[in-house]
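Beneath this line is the structure, given in structure tokens, with notes to follow.
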Amino acid sequence: MNSNVENLPPHVLRLVYKEVSALAADPPEGIKIYPSEEDITELHTSIEGPEGTPFAGGIFRMRLVLGKDFPAVPPKGYFLTKIFHPNVGHKGEICVNVLKRDWKAELGLRHVLLTIKCLLIHPNPESALNEEAGRLLLEDYAEYESRARLMTEIHAMGGPGGLSGAPQDPNDGPQPKKHAGDPTKRAGPSAAAVPAALGNGASGTSTTSSSSNSSSSISNIAGKKKADKKRALRRL
């Protein structure tokens, strides 16, 4: 999504910067703010799953996008972490009244974040974007809770698709194959093993013994050939 920094008036940008700075310095409980110096119109946050809900223990990444008509028009909210919730669509879009008809310019971003966190506690099946989650919430809460908890455990508890928005350790995951000529892949004794063998004379003894056995074998073969020739000549 393109930045709207150039589309917002300077006084609005100043207000947004001031509010985002205040949020970062004193965020609401259970919410962290990750402001971007390059694009103040896209605010990344993370929300802790509230206790007593299927989302407890999870960390859900989210972003708010301020359009060119902000604050006359509400921001758009998206969950970046997958979540099974009636008011969150399959692409992460969030459906909540404060981002629609109940929006007022004076509400501010703090109010939006608190409302979204409350949505995790009190879903609204009447305005469901995820119809299956909304139906289960009304008809079979145990199944809804089970599905929501499973999604939380998979995606929001540090697994590959969840909280994992943090940069991955370069040693994690598949590593590139080393070239066939890589000296670290060549077979042979370790550096520690070679001096040890030389130190106790095992290597030298083994080499000498092998050479001696080889010479003896060659001499025996040559002698046998000479004897065979002599026998053949006598028969003639």
Side-chain angles (χ1 to χ4, degrees), residues 1-53 55-130 133 152 155-156 161-167:
M1 190 171 292
N2 295 330
S3 169
N4 286 305
V5 171
E6 297 180 356
N7 297 324
L8 291 175
H11 73 280
V12 173
L13 287 175
R14 284 194 295 269
L15 290 174
V16 171
Y17 181 80
K18 182 178 180 181
E19 183 173 9
V20 170
S21 298
L23 279 171
D26 182 25
E29 184 179 356
I31 300 177
K32 290 184 179 181
I33 313 298
Y34 307 98
S36 170
E37 295 181 359
E38 298 179 356
D39 186 1
I40 199 68
T41 67
E42 185 168 317
L43 182 64
H44 285 250
T45 71
S46 66
I47 300 178
E48 296 178 8
E51 292 298 326
T53 72
F55 314 109
I59 302 294
F60 298 87
R61 297 184 300 116
M62 194 196 73
R63 69 174 182 172
L64 291 178
V65 180
L66 313 184
K68 61 184 180 63
D69 296 320
F70 181 85
V73 173
K76 293 182 178 180
Y78 301 89
F79 272 96
L80 302 178
T81 302
K82 290 185 178 181
I83 182 172
F84 188 72
H85 190 288
N87 306 115
V88 181
H90 295 291
K91 295 182 179 180
E93 62 274 27
I94 302 171
C95 178
V96 62
N97 287 338
V98 75
L99 297 180
K100 293 184 177 181
R101 62 176 181 269
D102 290 348
W103 170 254
K104 296 178 182 178
E106 59 269 21
L107 289 178
L109 300 177
R110 181 181 293 268
H111 181 79
V112 171
L113 293 173
L114 287 171
T115 302
I116 293 174
K117 183 179 179 182
C118 287
L119 195 65
L120 297 181
I121 304 173
H122 303 291
N124 181 10
E126 295 180 359
S127 59
L129 291 178
N130 185 331
T152 297
H155 298 289
L163 171 62
S164 32

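Only a predicted model underlies this, so the values are computations on that prediction, with no experimental measurement involved.
The shortest side-chain heavy-atom distance between Pro28 and Leu23 falls under the 4.5 Å cut-off. Two residues are said to be in side-chain contact when any heavy atoms from C-beta on lie closer than 4.5 Å; Leu109 and Val20 meet this criterion. At a threshold of 4.5 Å between non-hydrogen side-chain atoms, the residues Leu80 and His44 count as touching. In this structure, Leu43 and Thr45 have side chains that are in contact, with non-hydrogen atoms separated by less than 4.5 Å. Inter-residue side-chain proximity for Leu99 and Pro75 is flagged as met; some heavy-atom pair is nearer than 4.5 Å. Side chains of Leu114 and Arg110 form a contact here, defined as non-hydrogen atoms less than 4.5 Å apart. Looking at Asp39 and Val5, their side chains come closer than 4.5 Å, going by heavy atoms from C-beta outward. For the pair Pro27/Lys32, no side-chain contact is recorded, criterion being any heavy-atom separation below 4.5 Å from C-beta on.
For Val96 against Thr115, the heavy-atom pair with the smallest separation is CG2-CG2, 3.7 Å. Scanning all heavy atoms of the two residues, the minimum distance from Ala133 to Pro86 falls at CB-N, 3.7 Å. Contact detail for Ser46 and Tyr34: the closest heavy-atom pair is OG-OH, 3.3 Å. Counting all heavy atoms, side chain and backbone alike, Lys117 lies closest to Gly30 at NZ-CA, 3.8 Å. Considering all non-hydrogen atoms of both residues, Cys95 and Leu119 come closest at O-CD2, 4.0 Å.
Within the 3.5 Å criterion, the main-chain N or O of Lys91 finds a donor-acceptor partner in the side chain of Glu93. No side-chain donor-acceptor contact under 3.5 Å links Thr53 to the backbone of Ile121.
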Show your working on side chain to side chain contact (heavy atoms under 4.5 Å, CB included) between Phe70 and Thr41 and close with a plain yes or no. CA-CA 9 Å; Phe70 181 85; Thr41 67; over 6 Å; no

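Separation of atoms CD1 (Ile31) and CE (Met62) is listed at 7.5 Å; rounding is to 0.5 Å. Between Leu113 atom CG and Ile47 atom CD1 the span is 6.0 Å, to the nearest 0.5 Å. Of the inter-residue distances, the one linking Lys82 atom NZ with His90 atom NE2 reads 11.0 Å to the nearest 0.5 angstrom. Distance check, rounded to the nearest 0.5 Å: OH of Tyr78 to CG of Leu64 gives 10.5 Å. The structure places CG of Leu13 at 9.5 Å from CG of Leu66, a figure rounded to the nearest 0.5 Å. A distance of 11.0 Å separates CD1 in Ile116 from CG in Asn87, rounded to the nearest 0.5 Å.
Note: Phe79 and Phe60 have perpendicular aromatic rings, judged against thresholds of 30 and 60 degrees for the angle between ring planes.
Less than 6.0 angstrom separates the ring centroid of Phe55 from the ring centroid of His85.
Annotation: Glu48, atom CD; neighbour count of heavy atoms from other residues, nucleotides and ligands within 6.0 Å does not exceed 12.
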